[in-house]
Amino acid sequence: MITTRFAPSPTGYLHIGGLRTALYSYLWARKNSGRFLLRIEDTDLKRNSQEAAEAIEKAFKWVKLSFDDEVVYQSKRFDIYKKYIKQLLDEKKAYYCYMSKEELDDLRAMQQSKKQRPRYDGRYRDFKGVPPEGIEPVVRIKAPHDAVISFIDGIKGEISFKSEDILDDFIIARADGTPTYNFVVAIDDALMGITDVIRGDDHLSNTPKQIVIYEALGFKIPKFYHVPMILNPNGKKLSKRDGAMDVMEYKKMGYLPEALLNFLVRLGWSHGDQEIFSFKEMLELFDPSNINKSASAYNGEKLLWLNAHYIKNASYERIIEELKEFNVDIKDHDKKEVLVDAIRERAKTLVEFADMANSILKPPKQYDQKAVKKFISEESLEILLKYAAFLRIYDKKLHLPVDFEEATKIFMKKHDLKMKQLAQPVRIAMVGSSTSPSVYDVLSIVTVEGAIDRIEKFIKYIKG
RNA sequence: GGCCCGUUCGUCUAGCGGUUAGGACUCCGGCCUCUCACGCCGGCAACAGGGGUUCGAGUCCCCUACGGGUCACCA
């Protein structure tokens with residue numbers, strides 16, 4: 001069975017890079033009928049994690065990714081880590097180091113001045129003497145000396161490090177007794193039964209350290225997949241300054257979660273030429289072995305296009321429900337289907353959708369001056385007046401867009417008018433601008449009574 | 001700086017020794033049309049550079065350049 005995990009440190013929100021690796025982990029586990037777990041990496045007691053963890057879970061709820069089992073908080077597992085620290089100490093695989101922070105800093109400074117790689121010199125590795133007074137020791141692990149640590153990365157292939165290049169006897173427990181990151185990650189991944197670790201490739205160089213822990217403790221080493229980072233549109237590292245790092249921001253901006261997920265799954269992964277993936281298809285087709293080796297730049301245009309696609313194809317119920325979040329409630333409107341269909345082809349986000357809906361639902365507060373100048377004349381006002389009178393006669397028979405279309409054709413024929421001559425003035429009177437969905441759709445939603453009101457109001461405005 | 005990883009249109013990518021290097025987004029034309037969109041048709045646009053290996057290289061190897069990651073008693 002495959003078990004994967006998402007292990008964020010609680011920084012306050014879930015960002016899109018995190019969501020992507022989480023999605024990959026989720027897909028891979030669920031595709032194989034395995035488990036997908038959440039672990040909060042909050043060993044640094046200075047930070048508060050409860051709120052952050054809740055924010056993260058809220059974001060996952062929005063995109064409908066779910067976790068198995070209980071959420072694991074590292075801050076609640078210190079007893080477990082202590083046990084393993086003791087074990088390593090007892091087995092002489094780790095040792096107390098009494099070097100003070102100042103001494104360490106001095107050592108590092110000296111090494112750097114000699115252009116050497118800063119590293120612990122192992123002075124307490126085989127220390128047998130009397131420990132210095134007044135120093136709380138840290139615990140260091142005995143890292144192998146002349147070894148090559150290599151593993152097969154599921155994305156990048158074989159990766160190997162020489163221990164002399166990257167390893168020293170790194171700290172596994174701080175002076176205050178709390179364990180450090182690379183130590184707890186290895187322990188938790190092992191104890192939680194994680195078989196496949198899918199994470200950002202910024203962790204690539206942590207991997208050999210974690211392998212040292214796995215080996216010291218006799219744990220089975222999982223399969224690693226190091227996913228390349230997401231870059232901003234300029235090809236630089238994605239940061240808060242690029243905006244919309246927080247997944248929940250996308251909700252506020254009117255994105256559908258399936259669009260975000262589709263966007264993210266395709267960023268760095270592909271299945272031939274396919275662009276659109278339903279959740280079911282992702283589950284069927286995803287395989288981490290064809291994740292790209294190189295970083296991908298974030299391209300908002302494509303996300304917008306995907307969002308438009310999902311809006312176009314969403315059910316009425318879905319859109320009506322989503323629109324409530326943006327203060328548009330058309331659940332009881334008798335022309336709600338006409339309205340949704342009129343807008344779904346035009347709106348790229350739910351925010352735009354709501355704006356467009358309001359522009360039809362509510363009488364215009366102002367009229368676009370350019371449009372008025374271009375399309376409104378004495379003659380067109382005359383036409384509008386006649387059209388209003390005409391609509392009044394047909395009143396009871398006009399409901400659906402086709403009703404308006406048929407009636408309007410009669411009107412145009414009677415007055416020898418072209419569609420263009422009528423449509424633009426009507427449009428301006430209805431919504432205040434020269435762009436909108438089909439006038440028949442608008443008329444149907446506005447109703448005859450509303451249309452007459454708007455025409456009268458518009459004429460009053462022009463004359464007045 | 002050491003170590004590690006990467007490099008196909010502007011962007012996301014297909015390609016797994018023989019292709020007119022394909023698709024998608026963006027952009028530009030055209031069609032449709034009551035406007036705006038949608039849709040449809042068409043177009044612009046790429047193998048970082050240099051050496052090898054091979055009958056043949058975007059695909060394999062090496063070097064260079066460029067980009068990124070990482071080197072904590074942070075995670």
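Residue numbering restarts at 1 for every chain, and letters A, B, ... go by the order of the sequence lines. Values reported hereafter were calculated over all heavy atoms of this structure, with side chains retained and with hydrogens, waters and symmetry mates removed. It should be emphasised that the depicted structure is a prediction, and the values quoted were computed from it without experimental measurement.
- Ring geometry for A:Tyr13 against A:His15 counts as perpendicular: the plane angle is over 60°, on a 0 to 90° scale with 30° as the lower cut.
- A:Gly200 comes within contact range of no nucleotide atom at all, as no heavy-atom separation falls under 4.0 Å.
- One atom, CG of A:Leu231, and another, P of B:rG10, lie 16 Å apart when rounded to the nearest Å.
- Once rounded to the nearest 0.5 Å, the distance linking CD1 of A:Ile85 with CD1 of A:Ile172 reads 5.5 Å.
- Only the C1' atoms considered, B:rC47 is 13 Å distant from B:rU13, to the nearest whole Å.
- Comparing the same atom, P, in B:rA45 and in B:rA21 gives a spacing of 14 Å after rounding to whole Å.
- Taking atom CD of A:Gln210 as the reference point, atom P of B:rU70 lies 14 Å away to the nearest angstrom.
- Just one residue in the list A:Tyr298, A:Tyr310, A:Trp305 forms a ring pair (Phe, Tyr, Trp, His ring centres under 6.0 Å) with A:Phe263, and that residue is A:Tyr298.
- Between the C1' atom of B:rG69 and the CG atom of A:Leu238 lies a distance of 15 Å, rounded to the nearest Å.
- For A:Ser270, counting side-chain heavy atoms from C-beta on, the closest listed nucleotide (B:rC71, B:rA75, B:rA14) is B:rA14.
- Comparing A:Lys293 and A:Ala297, the nucleotide of RNA chain B nearest to each residue sits closer to the 5' end for A:Lys293.
- For the pair A:Thr180 (side chain) and A:Ile171 (backbone), a donor-acceptor distance under 3.5 Å is present.
- Side chains of A:Asn292 and A:Ser294: a donor-acceptor N/O pair is absent below 3.5 angstrom, by distance only.
- At the phosphate of B:rC71, neither OP1 nor OP2 sits under 4.0 Å from any side-chain N or O atom of A:Ser205.
- Across all strands shown, A:Ser160 has heavy atoms under 4.0 Å from sugar-phosphate atoms exclusively, and none from any base.
- Checking A:Arg140 against A:Lys156, the closest nucleotide of RNA chain B that is more toward the 5' end is the one next to A:Lys156.
- Between B:rC12 and A:Arg20, no contact under 4.0 Å exists linking OP1 or OP2 to a side-chain N or O.
- The nucleotide whose nearest atom lies closest to any side-chain atom of A:Met229 is, among B:rC73, B:rG69, B:rA75, B:rG69.
- Using Watson-Crick or G-U wobble geometry with both donor-acceptor distances under 3.5 Å, B:rU7 finds its partner in B:rA65.
- Between A:Phe411 and A:His415, the ring-plane angle classifies as tilted under the 30° and 60° cut-offs.
- Counting any heavy atom pair closer than 4.0 Å across all strands shown, A:Lys236 reaches sugar-phosphate atoms only and no base atom.
- The separation of B:rA65 from B:rG49, taken at their C1' atoms, amounts to 7 Å, rounded to a whole angstrom.
- Within 4.0 Å of A:Asp153, counting heavy atoms only, lies no atom of the nucleic acid at all.
- At a threshold of 4.0 angstrom between heavy atoms, the contacts of A:Ala175 include nucleobase atoms, whether or not backbone atoms are also involved.
- Within the 4.0 angstrom heavy-atom criterion, no nucleotide atom of any strand lies near A:Arg344.
- Following rounding to the nearest Å, A:Asp201 (CG) and B:rG67 (C1') show an atom-to-atom distance of 13 Å.
- Judged by distance alone, with hydrogens and angles left aside, A:Asp42 brings no side-chain donor or acceptor close enough to the base of B:rA75 to form a pair under 3.5 Å.
- Across all strands shown, B:rA57 has no partner, as no Watson-Crick or G-U wobble contact with both distances under 3.5 Å is found.
- Nucleotide B:rC71: paired with B:rG1 (Watson-Crick or G-U wobble, both distances less than 3.5 Å).
- The gap from the P atom of B:rC41 to that of B:rC32 amounts to 15 Å, rounded to the nearest Å.
- At a threshold of 4.0 angstrom between heavy atoms, the contacts of A:Phe161 are confined to the sugar-phosphate backbone, with no base atom among them.
- Comparing B:rU26 with B:rA37, their P atoms are spaced 12 Å from each other, to the whole Å.
- Comparing the P positions of B:rG10 and B:rC4 gives an interatomic distance of 31 Å, to the nearest angstrom.
- Atoms CG (A:Asp165) and P (B:rC5) sit 12 Å apart, rounded to a whole Å.
- Among residues two or more places apart in sequence or in another chain, the ring pair (Phe, Tyr, Trp, His ring centres under 6.0 Å) test is passed with A:Tyr255 by A:Tyr250.
- The interatomic distance linking A:Ile155 (CD1) with B:rC5 (C1') rounds to 12 Å, in whole Å.
- With both pairing distances under 3.5 Å, B:rG39 is matched to B:rC31 as a Watson-Crick or G-U wobble pair.
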**Study point:** Reading 5' to 3' through nucleotides 23-42 of chain B, protein heavy-atom contacts under 4.0 Å coded B for base, S for sugar-phosphate only, - for none
**Key:** BBSS-------BBBBSS---
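- Taking atom C1' in both B:rC71 and B:rC61, the straight-line distance is 30 Å, to the nearest Å.
- Once rounded to the nearest 0.5 Å, the distance linking OH of A:Tyr394 with OG1 of A:Thr408 reads 10.0 Å.
- One atom, NZ of A:Lys209, and another, P of B:rC4, lie 15 Å apart when rounded to the nearest Å.
- For A:Arg346 and A:Glu352, the salt-bridge test fails: no basic side-chain N is under 4.0 Å from an acidic carboxylate O.
- Contact annotation for A:Ile166: backbone-only contact, meaning every heavy-atom pair under 4.0 Å involves sugar-phosphate atoms and none involves a base.
- Within the 4.0 Å cut-off from OP1 or OP2 of B:rU7, not a single side-chain nitrogen or oxygen of A:Asn292 is found.
- Spacing of P atoms, B:rA14 relative to B:rC3, comes out at 30 Å, to the nearest Å.
- Base contact: A:Met99 has a heavy atom under 4.0 Å from a base atom.
- Between the C1' atom of B:rC4 and the CZ atom of A:Arg117 lies a distance of 13 Å, rounded to the nearest Å.
- The residues A:Arg344 and A:Glu337 are annotated as not salt-bridged, no charged nitrogen and carboxylate oxygen being separated by less than 4.0 angstrom.
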